[in-house]
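Please read the structure below before turning to the comments.
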Amino acid sequence: MTVTVITGTNTEVGKTIVTAAIAAAATAAHRTVAVLKPAQTGVTPDEPGDIAEVQRLAGPVTGAELARFPDPLAPATAARRAGRAPVRPREVERAAIRLAGDHDLVLVEGAGGLLVRFDEAGSTLADVAGLLAAPVLLVVQAGLGTLNVTALTAEALRARGLRCQGVVIGSWPADPGLAARCNLADLPEAAGAPLLGAVPEGAGALSPADFRAAAPGWLAPELDGTWDATRFAAAGHGR
């Protein structure tokens with residue numbers, strides 16, 4: 001079973017676009033892909049959610065959403081306000097295992113950060129990763145302030161006996177500042193895991209065809225891509 005749990009250091013760091021890029025690269029490598037969104041918040045029943053965006057950009061991937069709550073809040077809070085049952089880690093585990101039976105790769109995209117609550121018991125995406133014995137891919141910001149939240153998330157993973165597969169920068173700026181350039185070297189140390197990619201700022205605005213063609217170039221071979229951190233820094237991106 002190949003399941004990867006994708007989380008971020010915060011909301012709006014590019015998790016969905018990174019998920020789409022990984023799905024596109026894996027599909028280009030002739031792997032079948034499913035994307036599982038345990039709880040979609042901040043979207044009404046008639047609006048497209050994160051799964052729809054991944055499918056638009058990445059192409060023929062299977063999508064599964066377990067619950068949807070209209071308020072743009074943490075899943076536990078959004079479920080409570082909607083008067084509905086929350087999503088629980090065992091439900092996510094069962095859904096991921098079912099998808100893994102028919103796909104080469106299952107990507108489980110969380111909401112917000114690692115320890116955002118799913119339910120009133122305080123369950124989180126970390127509990128899902130533990131049940132699935134799955135590695136966690138961490139999506140981070142490029143610039144100032146990212147090292148602290150990256151280190152905190154990595155420490156939380158280690159404390160729970162979970163493995164951080166690596167770090168992907170969710171939105172690499174067209175004109176990176178000093179902090180972003182230095183972070184190429186510092187992020188792996190903060191995370192205790194390799195830097196596995198950098199998705200360019202605005203990638204989600206590309207046409208689906210251009211996105212799929214470019215995605216492998218944003219990701220390292222561990223994610224079915226061709227990106228190399230050393231070459232990326234040497235090309236003028238690093239310090």
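Computed from a predicted model, the values in this text were never measured in an experiment.
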Tabulate below the donor-acceptor pairs under 3.5 Å that side-chain atoms of residues 135-153 make, not counting sequence neighbours, or state none.
| residue | atom | partner | partner atom | Å |
| --- | --- | --- | --- | --- |
| Thr146 | OG1 | Gln141 | O | 2.9 |
| Thr150 | OG1 | Thr146 | O | 2.7 |
| Thr153 | OG1 | Val149 | O | 2.9 |

Only pairs under 3.5 Å count here: list side-chain donor-acceptor contacts from residues 187-210, not counting sequence neighbours, and write none if there are none.
| residue | atom | partner | partner atom | Å |
| --- | --- | --- | --- | --- |
| Ser207 | OG | Asp210 | N | 3.2 |
| Ser207 | OG | Asp210 | OD2 | 3.3 |

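Listed by first then second residue, pairs satisfying ring-ring contact (aromatic ring centres under 6.0 Å, His included) with a partner in residues 61-81 number zero, not counting sequence neighbours. Residue pairs that meet the ring-ring contact (aromatic ring centres under 6.0 Å, His included) test with at least one member in residues 184-218, sequence neighbours left out, are Phe211-Trp218.
Using a 4.5 Å cut-off on side-chain heavy atoms (C-beta onward), Thr32 and Asp102 make no contact. The shortest side-chain heavy-atom distance between Val5 and Leu125 falls under the 4.5 Å cut-off.
Panel note: side chain Arg181, backbone Pro176; a donor-acceptor pair is recorded below 3.5 Å. Side chain of Gln40 to main chain of Asp50: a donor-acceptor pair is present (N/O by atom type, distance under 3.5 Å, no hydrogens or angles). Distance alone, capped at 3.5 Å, is enough to place a donor-acceptor pair between the Arg84 side chain and the Arg68 backbone. For Arg231 (side chain) and Trp227 (main-chain N/O), no donor-acceptor pair under 3.5 Å exists by modelled atom type. Listed for the Arg117 side chain is no donor-acceptor partner under 3.5 Å among the backbone atoms of Pro75. With hydrogens and angles disregarded, no donor-acceptor distance shorter than 3.5 Å links the side chain of Thr41 to the backbone of Ala74.
For Asp228, there are no side chain to side chain donor-acceptor pair (under 3.5 Å) partners at least two apart in sequence or on another chain. Residues satisfying the salt bridge (Lys or Arg N to Asp or Glu O under 4.0 Å) test with Arg90, not counting sequence neighbours, are Glu93.
Distance CD/Glu53 to NZ/Lys37: 11.5 Å, rounded to 0.5 Å. If you take CD1 on Ile6 and CG on Leu36, they are separated by 11.0 Å, rounding to the nearest 0.5 Å.
A continuous path of hydrophobic side-chain contacts links Leu115 to Val87 [ILVMFWY only; heavy atoms under 4.5 Å].
Heavy atoms only, all atoms of each residue included: Asn10 and Val13 are closest at O-CG2, 3.4 Å.
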